[in-house]
Amino acid sequence: MDPIRVIRGMRDLLPEQTRWWRWMEQRLDGVMDRYGYAEIRTPVLEHTGLFARSIGQETDIVAKEMYTFADRDGSSLSLRPEGTAAVVRSFIENNLGKKEPLHRLFYRGPMFRHERPQKGRYRQFYQLGAELFGSAHPSADVEIIEVAVGCLQAIGLTDFSLELNTQGCPVCRPGYREQLTAYLREHERQLCTDCRRRLASNPLRVLDCKQAACTAVAEAAPHLLDHACDDCRQQFDQVRAGLEKLGIGGRLNHRMVRGLDYYNRTTFELLAAGLGAQNAVAGGGRYDGLVESMGGIPTPAVGFAAGLDRIVLLLEQQVAEPERPPLLFIAAQPGYWLETLPLLQQLRQAGFTAVNDVRQGSFKSQLKRADRLGARLVLLLGQDEIEQGTVTIKDMQAPSDSERKQWQVERGGLLQEIGGFLER
RNA sequence: GUGAGUGUAGCUCAAUGGUAGAGCACUGGACUGUGGAUCCAGAUGUUGUGGGUUCGAUCCCCAUCACUCACCCCA
């Protein structure tokens, strides 16, 4: 019988990996706490229309990458391909904006996109995102970027860069779009076939094409910032000033384009090397019109999302392994396993990590097991110890000729002895 | 959706048109209460799957599936 396997693009995270994940998640949660962001949890499944309306019917994400299927009553459901849409839905549905104009929310969890998997890209992937609702002030943009940067810093990543751009607003973007399109049409012959297609569907996309020929055209293309309205320009200047004040800086990238339709004004990405063909670990921006367009009261908002799978990839390359708590192992001479039970119980109640060899083989094989598990101390329990009411403590890291390799202690003083030993 | 590469033991990988081998890991022993070093012994494979060529295929051919990487797109 053929064993059933995981679905393509999805994977099991085994203990070797979850060590990293748990360590990372703990720290990221800490960042959210310190910036005053509260967690929101929404379902992984939503009505398909939510994503079509918020992300954009024409985007690749919606047009060809969603896991969409019919519910039993025939209605169309989709696994969420990103987090913002559902948070906005919930924000509106629960009248959060009416109760209190300002909200700092974060979420963390699996997202789903039916793409061909490759390094740093999976069909089930994980994102951490933060959304700041209720402020159009550049201070909010700065805060969101600061949180995103703070997340990477909190887990020890230093080798990344920030890129910034503005997408304009409904006042200035249409005019820019026309100018860009006109410019691109003039140079249509130099563009790759994909970009000629994009010219019609999404001219902005031509700007971040990686083909050399298109890059040359894009380099000389008109910049949105030069055509932005005064409000947008001022906003962007102030965001940059705020980032300077924080020492974050960031590089202006006129050619940065976002994959989702709802962004306006400030957009940004955090980029890193070592992710294969991918380089983005986090991205975000302002989306002032989204809440209203989804049926809520007009509410300016900024947010970002970070790809946790990619961040773990970087962690494994750049950061020292997270430490494990010291492991205590109880080895009992054959026949004395019952005596280990209260001892284990006692150790765990005192907060230690303690295990035994549940196979209870030979004394020797138990020691081998302890070694394999990386035990810091082994507590030996045999006939002598039981008759004397003692336990022998064995230091697994001491050299074999050490005088303090192993020693006996009274049962009553065991916890204190272990505690003292591990303190050093 | 498109392209390329790779599928052999738990892992990393050899090998040859004549029914597969190493290292590591595992289990046991040398050491009847002591891990890490050494030595000895043991267990493990439908060579991804299906078909074709052949007296004979793990090897050659075709198909298929899976994985990996890249394109598209994106976190």
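Just so it is clear: chains get the letters A, B, ... in the order the sequence lines come, proteins before strands, and each one is counted from 1.
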Considering every strand and a 4.0 Å limit on heavy-atom distances, what is the contact class for G120(A): base, sugar-phosphate, or nothing? base

Charged N to carboxylate O under 4.0 angstrom, K64(A) versus E115(A)? no

On the nucleotide A66(B), are OP1 or OP2 found under 4.0 Å from the side-chain N or O atoms that R8(A) carries? yes

Report which part of the nucleic acid Q383(A) touches: base, sugar-phosphate, or nothing (heavy-atom distance under 4.0 Å, all strands). base

Can you find a heavy atom in the side chain of F304(A) that is under 4.5 Å from one in the side chain of C151(A)? yes

For I311(A) and A306(A) the tightest heavy-atom approach is CD1-CB, 4.0 Å

Would you mind classifying the nucleic acid contact of L270(A) as base, sugar-phosphate or nothing, using non-hydrogen atoms under 4.0 angstrom? nothing

Would you say U34(B) has OP1 or OP2 under 4.0 Å from some side-chain N or O of R369(A)? no

Thinking salt bridges, do E321(A) and R19(A) make one under a 4.0 Å N-O criterion? yes

For RNA chain B, write out the stems as range with range, using runs of 3 or more consecutive Watson-Crick or G-U pairs with both distances under 3.5 Å. B:1-7 with B:65-71, B:10-13 with B:21-24, B:26-30 with B:38-42, B:48-52 with B:60-64

Using a cut-off of 4.0 Å on non-hydrogen atoms, how would the nucleic acid contact of A370(A) be classed: base, sugar-phosphate, or nothing? nothing

Base C74(B) to side chain R310(A), donor-acceptor N/O within 3.5 Å cut-off: yes

Pair of N/O donor and acceptor under 3.5 Å linking G33(B) base with E385(A) side chain: yes

Taking donor-acceptor contacts at under 3.5 Å, does the side chain of R5(A) reach the base of A66(B)? no

Please confirm whether any donor atom in the side chain of Q278(A) sits under 3.5 Å from an acceptor in the base of A70(B), or the reverse. no

Among the candidates G1(B), U27(B), G33(B), find the nucleotide nearest to the side-chain atoms of R359(A). U27(B)

Please classify the nucleic acid contact of A398(A) as base, sugar-phosphate, or nothing, using heavy-atom distances under 4.0 Å. base

Ignoring backbone atoms, establish whether R258(A) has a side-chain N or O less than 4.0 Å from OP1 or OP2 of C74(B). no

Is any side-chain N or O of K364(A) under 3.5 Å from a base N or O of C31(B), one able to act as donor and the other as acceptor? yes

Please determine if a side-chain N or O atom of R11(A) lies less than 4.0 Å away from the OP1 or OP2 oxygen of C67(B). no

Heavy atoms under 4.0 Å, any strand shown: does R372(A) hit a base, just sugar-phosphate, or nothing? sugar-phosphate

Pair N165(A), T267(A): side-chain N/O donor-acceptor within cut-off below 3.5 Å: no

Side-chain donor/acceptor of Q406(A) to base of U34(B), under 3.5 Å: yes

